[in-house]
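Heads up, the thing below is written out as structure tokens.
Computed from a prediction, not measured in an experiment: that's the story for all the values here. Both ligands and their constituent atoms are indexed starting at 1 by order of listing.
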Amino acid sequence: MVCEYLVIVDWKGIERITTPSHANYSYSFEIGIKAGIDMIMVPMNYTEFIDGLTSQVKKNIIPMSIIDDAVKRILRVKFVMGLFEDPLANKILVDQFGNQEHRELAREAVRKSLLLIKNGESVDKLLLPLPKKSSKKLVAGSHADNLGYQCGGESEFQLREVEQFLIFHHCSRRDPYAETFGDSLNLTISEPGPSTIYNVCGAVKCVVVVISGRPVVMQPHIPSMDALMAAWLPGSEGQGVVDILFEDYGFTGKLSWTWFKTVDQLPINVGDPHYNPFLPFGFGLTTKPFQNN
Ligand SMILES: *[C@@H]1O[C@H](CO)[C@@H](O)[C@H](O)[C@H]1NC(C)=O
Ligand SMILES: *[C@@H]1O[C@H](CO)[C@@H](O)[C@H](O)[C@H]1NC(C)=O
Ligand SMILES: *[C@@H]1O[C@H](CO)[C@@H](O)[C@H](O)[C@H]1NC(C)=O
């Protein structure tokens with residue numbers, strides 16, 4: 001198999017070589033291109049880039065041979081992909097997209113990745129799974145019925161189907177985040193997350209479901225909660241969360257990394273000399289599915 005490649009730099013990445021960004025643009029693309037970048041993502045002012053680069057090549061600051069080499073690599077990748085014969089996407093599998101079988105598999109993945117962190121006061125006072133025919137349930141929280149939040153950055157919960165059960169969940173931000181918009185130096189849950197947790201858990205028995213694309217600081221909130229689970233980003237298959245809350249399936253998910261208490265602990269890894277995480281590597285409470293017969 002022929003393996004062709006090219007090196008591409010992300011959106012405005014080249015101008016961020018300097019601090020502040022774009023402080024010396026011609027210097028930035030000169031060293032970037034000389035370092036081997038073949039394709040540069042210039043989202044705005046492309047004439048500035050083209051004019052600047054052309055001028056540097058004319059002045060022999062950037063040798064034409066580097067440009068030729070980059071162009072060769074870009075064209076080879078396109079040839080190998082067949083883009084010159086068939087420039088549009090191959091749609092042969094398009095009717096399979098989002099089919100029932102795939103959604104079932106995604107729902108299973110949601111069920112199996114859920115992490116149960118706290119379950120009631122003690123082993124003889126477990127809260128989950130919730131009985132299907134239990135009394136009134138309240139669903140609260142900004143992420144409970146919002147597909148965008150559940151899919152996360154770059155992208156329905158059927159909670160309504162199950163009457164209201166007591167659950168509310170929150171993310172580290174109010175909006176689905178992508179790239180730098182999601183940056184956080186403290187990884188704490190932003191409001192109204194904490195106040196929803198304290199209000200609801202202060203009034204009734206509560207199961208908190210955290211919807212987040214990454215671990216967030218949870219430890220300070222634990223005492224106020226009756227049960228806590230991390231659902232990550234269930235995407236379109238939020239029904240997988242419902243499957244497991246209501247006794248059809250047991251919790252099996254285990255942490256495949258270490259969950260910190262606060263960001264000062266980062267990086268934190270199992271085997272560190274002073275390993276004192278919120279949750280250790282491999283953590284995950286389990287439950288058994290309810291047997292109908
Ligand atoms: C940009 O960087 C180049 C190379 O280091 C330097 O010669 C030039 O003076 C810089 N220009 C500005 C405006 O800082
Ligand atoms: C594009 O870059 C040129 C050259 O630096 C500058 O004069 C012009 O104002 C820029 N245009 C925009 C829309 O930023
Ligand atoms: C955490 O960081 C975010 C922005 O990154 C900021 O809005 C928030 O106030 C910070 N929270 C705390 C508790 O410092």
Side-chain angles (χ1 to χ4, degrees), residues 9-37 39-67 70 117 141-143 146 148-149 152-154 168-202 208 210-225 228 230 232-233 258-268 276-279:
V9 65
D10 202 359
W11 162 288
K12 286 190 170 183
I14 198 84
E15 58 197 75
R16 293 187 177 134
I17 287 176
T18 59
T19 309
S21 172
H22 201 273
N24 191 340
Y25 195 35
S26 54
Y27 164 75
S28 296
F29 59 70
E30 180 196 333
I31 62 161
I33 288 170
K34 285 183 175 169
I37 296 168
M39 188 182 274
I40 292 178
M41 206 187 286
V42 180
M44 310 294 187
N45 210 343
Y46 64 90
T47 51
E48 180 189 27
F49 172 73
I50 292 173
D51 294 347
L53 180 59
T54 307
S55 139
Q56 285 198 331
V57 171
K58 282 191 174 144
K59 290 187 209 150
N60 254 325
I61 298 170
I62 298 180
M64 191 61 198
S65 57
I66 294 188
I67 306 294
I117 299 169
S142 55
H143 291 54
N146 183 309
Y149 289 145
E154 316 277 2
F168 39 88
H169 46 197
H170 282 281
C171 204
S172 50
R173 281 177 55 84
R174 277 189 60 74
D175 307 311
Y177 57 85
E179 303 184 335
T180 51
F181 300 111
D183 287 357
S184 164
L185 295 178
N186 51 48
L187 292 173
T188 56
I189 312 176
S190 54
E191 285 296 346
S195 41
T196 312
I197 291 171
Y198 291 105
N199 288 340
V200 180
C201 294
V208 176
V210 184
I211 305 275
S212 68
R214 58 192 172 194
V216 287
V217 175
M218 286 312 301
Q219 202 198 18
H221 311 299
I222 297 293
S224 66
M225 304 169 180
L228 170 65
W232 312 116
L233 298 175
T258 297
W259 196 323
F260 52 85
K261 286 180 178 162
T262 65
V263 289
D264 333 327
Q265 293 184 313
L266 296 174
I268 185 169
N276 182 25
F278 166 49
L279 302 174

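Here the closest heavy-atom approach between residue Ser26 and residue Gln56 is recorded as O-NE2, 3.2 Å.
In terms of polar-atom proximity, Ser184 is not counted as a contact of ligand 3, lacking any N or O under 3.5 Å from an N or O of the ligand. Residue Tyr27 has no N or O atom closer than 3.5 Å to an N or O atom of ligand 1.
When the ring pair (Phe, Tyr, Trp, His ring centres under 6.0 Å) test is applied to Tyr25, the partners found at least two apart in sequence or on another chain are His22, Phe29.
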- Is there a side-chain contact (heavy atoms from CB on, under 4.5 Å) between Cys201 and His221 once you walk through the steps? CA-CA 10 Å; Cys201 294; His221 311 299; over 6 Å; no
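The backbone N or O of Asn276 lies less than 3.5 Å from a partner atom in the side chain of Gln265, making a donor-acceptor pair. No side-chain donor-acceptor contact under 3.5 Å links Asp10 to the backbone of Gly13. In this structure a side-chain-to-backbone donor-acceptor pair under 3.5 Å is present from Glu191 to Ser195.
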Between ligand 2 and the protein, which N/O pairs fall short of 3.5 Å?
from, atom 1, to, atom 2, distance (Å)
ligand 2, 2 (O), Asn45, ND2, 2.3
ligand 2, 5 (O), Glu48, OE2, 3.0
ligand 2, 11 (N), Asn45, ND2, 2.8
ligand 2, 14 (O), Asn45, ND2, 3.4

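Between Trp259 and Phe278, the angle of the ring planes goes over 60°, which puts this pair in the perpendicular group of the 30/60° scheme.
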